[in-house]
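Okay, structure first, notes after.
Nothing fancy with the numbering, it's 1 onward along the sequence. Computed from a prediction, not measured in an experiment: that's the story for all the values here.
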Amino acid sequence: MNSLTSHRYRRIEEAPATVLSGLSNTTPLYLHARNWMAEMAVVTSLSDSFQSDDRWFSFPEQGMNLSLDAMQHLHCVAIDHHARPSLALEIATHGEPRSVSFAAIPSLSDLEAFRRTLDHHPSQPLTSGQYHDWRASHLIRPTACSCCAGAAEARRKDPGNSPLARILAHSVSQRHQLHCRLHSPSFHFALSLTPADLVLNKGHITITGDDCASMVEIDPGLCHSLMLHRKEIDAEPMTVLRVYNSLGVPELVIETPGYDAHDRWLEFCRVS
């Protein structure tokens with residue numbers, strides 16, 4: 001039995017806004033979010049938070065905005081590792097039972113402080129079977145026609161040939177500052193990093209920040225189309241890349257200051 005909690009899985013029976021507001025300034029945490037196309041993560045201490053009138057909950061300094069209406073459950077999960085035990089708060093939203101999570105980091109986070117914060121709320125213990133059965137029953141995977149599915153698998157087999165991989169490799173070599181925004185109906189997450197490394201592994205494209213605390217991982221199979229343009233944001237010139245799924249919805253946006261990158265990124269798109 002894990003010493004962090006009496007049950008490995010617990011469903012927290014408290015208003016999500018109450019639970020989330022209690023996380024501010026507790027300890028550095030691993031903040032992770034995913035939609036079907038990509039995932040982003042950063043090690044950060046959470047800032048003050050607030051709830052808007054339209055029922056979105058925000059951590060403004062971390063660029064995280066969460067739809068309270070989209071949340072179905074909050075789960076506390078003990079990570080039972082013999083050398084590096086940890087604890088995570090998982091936010092389950094419609095169709096995606098683990099879209100956003102906050103996790104303690106072994107040897108960095110104050111694990112006991114995080115545990116006490118979560119233990120403060122009433123909860124329902126779950127068996128491993130109950131937890132995994134619930135996740136499976138609430139997961140809604142995107143569907144695609146056979147043609148689109150075949151094209152997606154081809155992109156995964158050769159991720160380095162993706163224009164997105166070339167663009168990100170160029171950003172690593174030029175040390176571009178990238179502003180990345182991940183979108184879903186249940187959350188909006190913004191992350192800035194200067195990529196230090198590009199990894200192609202198991203059909204995915206991953207960049208890690210030079211701060212050793214941030215990362216973006218992308219499934220090129222779900223990157224159906226790219227749109228590149230120049231734009232002024234707060235009177236500052238920006239090169240903006242939008243990545244769309246097969247339904248024409250932009251799930252990932254990557255921006256870099258200035259227009260210098262635009263023509264080079266456009267070349268990468270044209271040769272693919």
Side-chain angles (χ1 to χ4, degrees), residues 1-36 38-47 49 57 59 62 64 66-68 70-141 182 184 186-187 189 191 202 206 208 212-215 217:
M1 182 67 66
N2 195 298
S3 62
L4 294 173
T5 178
S6 57
H7 296 274
R8 186 173 182 189
Y9 303 101
R10 289 185 293 137
R11 183 168 294 159
I12 297 178
E13 298 181 333
E14 181 71 272
T18 301
V19 178
L20 293 171
S21 61
L23 296 179
S24 299
N25 303 315
T26 302
T27 185
L29 297 172
Y30 185 75
L31 172 56
H32 177 269
R34 74 179 80 197
N35 59 20
W36 290 110
E39 55 188 285
M40 303 196 316
V42 64
V43 177
T44 180
S45 295
L46 298 176
S47 65
S49 54
F57 193 91
F59 294 95
Q62 285 65 53
M64 174 59 77
L66 299 155
S67 170
L68 294 172
M71 295 183 193
Q72 293 186 319
H73 289 292
L74 272 62
H75 290 112
C76 177
V77 179
I79 301 168
D80 193 8
H81 189 281
H82 72 281
R84 294 177 295 166
S86 189
L87 195 65
L89 174 68
E90 297 178 351
I91 297 177
T93 58
H94 178 69
E96 174 49 84
R98 196 167 55 194
S99 59
V100 176
S101 63
F102 302 81
I105 308 158
S107 75
L108 178 62
S109 303
D110 185 339
L111 193 55
E112 285 304 309
F114 187 50
R115 180 190 60 78
R116 287 193 300 270
T117 296
L118 298 181
D119 282 351
H120 177 72
H121 306 292
S123 63
Q124 169 82 29
L126 303 174
T127 66
S128 176
Q130 288 173 325
Y131 169 77
H132 290 293
D133 287 348
W134 186 90
R135 288 199 69 235
S137 67
H138 285 71
L139 185 64
I140 302 174
R141 294 189 180 278
L182 200 60
S184 86
S186 59
F187 72 84
F189 185 24
L191 178 64
K202 297 181 180 179
T206 304
T208 54
C212 299
S214 53
M215 76 91 183
E217 182 175 281

Can you tell me how far the [atom1] atom of [X] sits from the [atom2] atom of [Y], to the nearest 0.5 Å?
X	Y	atom1	atom2	value
S123	Y9	OG	OH	15.0 Å
M40	H32	CE	NE2	10.0 Å
K202	E217	NZ	CD	10.0 Å
I79	S86	CD1	OG	4.0 Å
L182	F187	CG	CZ	4.5 Å
S101	Y30	OG	OH	8.0 Å

Candidate pair M71 and L68, rule side chain to side chain contact (heavy atoms under 4.5 Å, CB included), full reasoning: CA-CA 5 Å; M71 295 183 193; L68 294 172; 3.9 Å; yes
Return yes if some donor-acceptor pair links the side-chain N/O of [X] with the main-chain N/O of [Y] below 3.5 Å, else return no.
X	Y	answer
S24	S47	yes
Q130	T127	yes
S109	A104	no
Q62	S45	yes

Under 4.5 Å between any side-chain heavy atoms of [X] and [Y], yes or no?
X	Y	result
T93	Q72	no
L89	I12	yes
L126	H75	yes
T117	V19	no

As a quick check of understanding, evaluate side chain to side chain contact (heavy atoms under 4.5 Å, CB included) for L20 and I91, giving each step before the final call. CA-CA 10 Å; L20 293 171; I91 297 177; 4.0 Å; yes
Decide side chain to side chain contact (heavy atoms under 4.5 Å, CB included) for L46 and T26; before the verdict, give the C-alpha distance in whole Å, the side-chain angles of both, and the deciding distance to 0.1 Å. CA-CA 8 Å; L46 298 176; T26 302; over 6 Å; no
Do V42 and F189 pass the side chain to side chain contact (heavy atoms under 4.5 Å, CB included) test, and can you show the C-alpha distance, the side-chain angles, and the key distance before you say yes or no? CA-CA 11 Å; V42 64; F189 185 24; 4.1 Å; yes
Parallel, tilted or perpendicular: which one describes the rings of F59 and F57, with boundaries at 30° and 60°?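 Because their plane-to-plane angle is over 60°, the rings of F59 and F57 count as perpendicular.
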Would you call the rings of H73 and W134 parallel, tilted or perpendicular, where under 30° means parallel and over 60° means perpendicular? perpendicular
Considering all heavy atoms of both residues, which atom of [X] and which atom of [Y] are nearest to each other, and what is their separation?
X	Y	answer
P85	L111	O-CD2, 3.7 Å
C76	L118	SG-CD1, 3.8 Å
L87	R115	CD2-CA, 3.6 Å

For H120, look at atom NE2 and say whether over 12 heavy atoms of other residues, nucleotides or ligands are found less than 6.0 Å away. no
If the test is side-chain contact (heavy atoms from CB on, under 4.5 Å), which one of V100, V43, L191 qualifies with L31? V100
